[in-house]
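Quick notes on the structure that follows.
This is a predicted model, so every value here is computed, not measured.
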Amino acid sequence: MDLNERIEKIKAGGKAKYHQANSEKGKRFVRERIRLLLDTDSVFQEDGLFAESEVEGLPADGVVTGLGFVNGRKVAVIANDSTVKAGSWGTKTVEKIVRMQETAGRLGLPLFYLVDSAGARITDQVAMFPGRRGAGRIFYNQVQLAGKIPQICLLFGPSAAGGAYIPAFCDIVVMVEGNASMYLGSPRMAEKVIGEKVSLEEMGGARMHCTVSGCGDVLAKSEDEALLFARRYLAVLDEADGEIPNLPNGQDLGSLIPENPNAPLNMYQVIEALVDADSFLEIKALFAKELITGFARLNGKSIGVVANQPIVKGGVLFPDSADKATKFIQICNAYRIPLLFLADVPGFMIGSQVERSGIIRHGAKMIAAVSDVTVPMISVIVRKAYGAGLYAMAGPAFEPDAVLALPSAEVAVMGPDAAVNAVYAGKIAELDEKERAAFIAEKTAEYQAEINIYQEASELIVDAIVAPKKLRQELEMRFTFYEDKRETTQTHKIYPM
């Protein structure tokens, strides 16, 4: 067999029956996935093709690693071949992954993990598991690379046992519904060890992780959709100064905002009225929906958006929404993407359930992330910013480059109704029913006068009050002025939550 024949045999992967089984599940062959991820005219400079080539049934040892181009940008790729031992890790598999991580780090290249793996190969455990360049080195490298290069995980199949930490340490995790899963112990193991009977989807399926655990960031309907998202995400991280923006839909922002600060407001409509049309790329859309996080273009330039969503749980911050914001803020800060906060927040949730869930601990992480921001950052108070919600949404004390307010805005420790009841509870209880309503209305009016946004602007609590129809222009100009902001102290680490 000559060289070309050897190469073609290796590139064919595992046995035909495994290709057929994958095809029936809607799963593409690993090399087809790589081809679709990379630019049409991109080369793929592969390393380690001949790993274990002298061992029957282990072509490339079940993983494809190499370099190519996405959106014209050099990238590194690590991709499991599930037709070879179900994509499990052998000794050379681990060595190839580690080497490509080291290459990506040296060259400063974005690193794509195309994951479809049954986990460690038990037969190779002594050689590949415990040593200095064993499987643990993969996760060590991921942490060392965090915030220095983008690490993007596309999960096409399982990511089992210790291998589940590959997506956990990535910046973004895209999971293909119906096929992707991640779990430390399989349903069979759970039943045997702890007596729990559970399905794979319940244990670690794509939808569960994107809606409940928060381990997944994007739920893709197909592999093609996942690959397209990955290309769009990388484009967000690239400079786009020369890109011609699509102007927003032209809807008057003022017409979207109700006069009553507690009336429903769909923050997606506010975002769409501000950013370039069709540019919003949401992260964790199905998780902690009371907070919206995503990337967008403003006049052709990338920004990150963190926005409260009043139509979901009133926009109150919960432990999960604080976690969601923390990771997103860290990503934007690491890759120098300016941040826009759109605040309409009653504060953090209260009650025994959230206290037991660690609302203070999780809220502190979000506030710490805001405190660490060194990129341009603007906070817009759309309607209300009460209590520690003001802090979490980049309020004045956290060195935003500007705090802007719409005329509908209120900034206070708490809303008027809660404040009046907190201060005058005893007095209100003493009054008869006829006097009570008038007293509450009087004290509420006094409180609202105190937190009037024009009064707060006169105290320099906000930097400017902006008419809704002029907010986009104001943001464009301010981000242009702030783009020369100098970095101070920041490690650019992105740690898993």
Side-chain angles (χ1 to χ4, degrees), residues 110 146-147 150-152 170-174 214 217-218 229-230 232-241 243 245 248 267-268 270-276 278-285 287-309 317 321-345 365-380 382 392-395 398-404 471-472 475-476 478-480 482-483 485 487 490 492-495 497:
Q151 297 185 82
I152 302 157
C170 283
D171 303 342
I172 294 291
V173 180
V174 184
D217 295 299
V218 177
F229 179 91
R232 287 188 66 197
Y233 174 76
L234 189 62
V236 165
L237 304 185
D238 290 331
E239 292 294 330
D241 291 348
E243 184 170 315
M267 195 62 78
Y268 285 115
V270 175
I271 294 170
E272 290 170 3
L274 288 174
V275 304
D276 298 353
D278 302 321
S279 72
F280 188 57
L281 188 67
E282 190 169 6
I283 306 299
K284 289 191 185 297
F287 180 70
K289 294 181 180 181
E290 65 274 11
L291 189 81
I292 300 168
T293 56
F295 300 99
R297 301 281 190 193
L298 184 66
N299 198 29
K301 297 182 180 180
S302 294
I303 61 169
V305 179
V306 179
N308 306 113
Q309 176 56 300
L317 292 168
S321 40
D323 274 356
K324 174 178 175 176
T326 299
K327 180 72 173 290
F328 182 77
I329 293 165
Q330 290 175 332
I331 289 172
C332 291
N333 200 42
Y335 304 123
R336 307 302 299 163
I337 298 174
L339 276 158
L340 171 63
F341 288 79
L342 298 173
D344 191 347
V345 58
K365 289 190 293 189
M366 180 177 178
I367 292 171
V370 173
S371 302
D372 275 344
V373 168
T374 59
V375 297
M377 179 168 64
I378 298 174
S379 182
V380 178
V382 177
M393 296 301 289
F398 292 82
E399 295 199 358
D401 294 283
V403 177
L404 309 180
L471 181 57
R472 176 183 161 95
L475 293 172
E476 286 180 11
R478 285 185 178 272
F479 276 126
T480 298
Y482 302 153
E483 65 188 7
K485 184 176 181 180
E487 185 175 348
Q490 174 54 246
H492 290 331
K493 282 296 180 184
I494 301 170
Y495 292 112
M497 291 297 104

> Taking only residues two or more places apart in sequence or in another chain, which ones pass ring pair (Phe, Tyr, Trp, His ring centres under 6.0 Å) with Phe229?
Replying inline: none

> Phe280: what forms a ring pair (Phe, Tyr, Trp, His ring centres under 6.0 Å) with it, not counting sequence neighbours?
Replying inline: none

>> For Gly395 versus Pro400, what's the shortest heavy-atom pair and its separation?
In response: O-CD, 3.3 Å

> Is a side-chain donor or acceptor of Asp171 paired with a backbone partner of Gln151 at a separation under 3.5 angstrom?
Replying inline: yes

> What residues form a ring pair (Phe, Tyr, Trp, His ring centres under 6.0 Å) with Phe341, not counting sequence neighbours?
Replying inline: none

> What's the verdict on side chain to side chain contact (heavy atoms under 4.5 Å, CB included) for Leu298 and Glu476, showing C-alpha distance, side-chain angles and the deciding distance?
Replying inline: CA-CA 7 Å; Leu298 184 66; Glu476 286 180 11; 4.0 Å; yes

>> My understanding is that only residues two or more places apart in sequence, or in another chain, count here; which of them pass side chain to side chain contact (heavy atoms under 4.5 Å, CB included) with Thr480?
In response: Glu483

>> Suppose we screen for salt bridge (charged side-chain N to carboxylate O under 4.0 Å, His left out). Which residues come up paired with Glu282, at least two apart in sequence or across chains?
In response: none

> Would you say Thr293's side chain and Ala325's backbone share a donor-acceptor pair under 3.5 angstrom?
Replying inline: no

> How many angstroms lie between CD1 in Ile378 and CZ in Phe479, if you round to the nearest 0.5 Å?
Replying inline: 3.5 Å

>> Return the CG to SG distance between Leu339 and Cys332, rounded to the nearest 0.5 Å.
In response: 4.5 Å

> What are the two closest non-hydrogen atoms of Met267 and Asp344, and how far apart are they?
Replying inline: CE-CB, 3.7 Å

>> Minimum heavy-atom separation for Asp278 and Arg232, please, with both atom names.
In response: O-NH2, 3.9 Å

> What pairs with Asp217 under side chain to side chain donor-acceptor pair (under 3.5 Å), at least two apart in sequence or on another chain?
Replying inline: Lys284

> Under the side chain to side chain contact (heavy atoms under 4.5 Å, CB included) test, which residues partner Pro110, sequence neighbours left out?
Replying inline: Arg73, Val75, Pro150, Leu234

> Say you draw a straight line from CD1 of Ile367 to CG of Asp372; how long is it, rounded to the nearest 0.5 Å?
Replying inline: 12.5 Å

> What pair of heavy atoms forms the shortest contact from Val370 to Ala394, and how long is it?
Replying inline: CG1-CA, 3.8 Å

> Looking at residues at least two apart in the chain, or sitting in another chain, which of them share a salt bridge (charged side-chain N to carboxylate O under 4.0 Å, His left out) with Arg478?
Replying inline: Glu474

> side chain to side chain contact (heavy atoms under 4.5 Å, CB included) between Val173 and Val218: does it pass, once the steps are laid out?
Replying inline: CA-CA 7 Å; Val173 180; Val218 177; over 6 Å; no

>> To check you understand the geometry: which heavy-atom pair defines the closest contact between Ile271 and Ala307, and what is its length?
In response: CD1-CB, 4.2 Å

> Got a second to check how far Phe398's CZ is from Met393's CE, nearest 0.5 Å?
Replying inline: 12.5 Å

>> Can you confirm whether Phe295 sits close enough to Ile303 that some side-chain heavy atom of one is under 4.5 Å from a side-chain heavy atom of the other?
In response: no

>> On a heavy-atom basis, which atom in Val305 and which in Ala296 lie closest, and how many Å separate them?
In response: CG2-CB, 4.4 Å

>> Between Ile172 and Ile331, is there a side-chain heavy-atom distance shorter than 4.5 Å?
In response: yes

>> Nearest 0.5 angstrom please: Asn333 CG to Met377 CE, how far?
In response: 8.5 Å

> Sequence neighbours excluded, which residues qualify as salt bridge (charged side-chain N to carboxylate O under 4.0 Å, His left out) partners of Lys289?
Replying inline: none

> Quick one: does Arg472's side chain have a donor or acceptor within less than 3.5 Å of a partner on Leu274's backbone?
Replying inline: yes

>> Could you measure the distance from the CG atom of Leu475 to the CG atom of Leu404? Nearest 0.5 Å is fine.
In response: 6.5 Å

>> Quick one, Asp323 and Lys365 - any side-chain contact, counting heavy atoms below 4.5 Å?
In response: yes

>> Leu237 vs Ile337, test: side chain to side chain contact (heavy atoms under 4.5 Å, CB included). Steps then yes/no.
In response: CA-CA 7 Å; Leu237 304 185; Ile337 298 174; 3.4 Å; yes

>> Between Asp401 (side chain only) and Tyr482 (backbone N and O only), is there a donor and an acceptor less than 3.5 Å apart?
In response: no

> For Glu399, which residues count as a side chain to side chain donor-acceptor pair (under 3.5 Å) partner, sequence neighbours excluded?
Replying inline: none

> Got a donor-acceptor contact below 3.5 angstrom from the Ser379 side chain to the Val403 backbone?
Replying inline: no

> Does the Lys324 side chain pair with the main chain of Leu291, one donor and one acceptor, at a distance under 3.5 Å?
Replying inline: yes

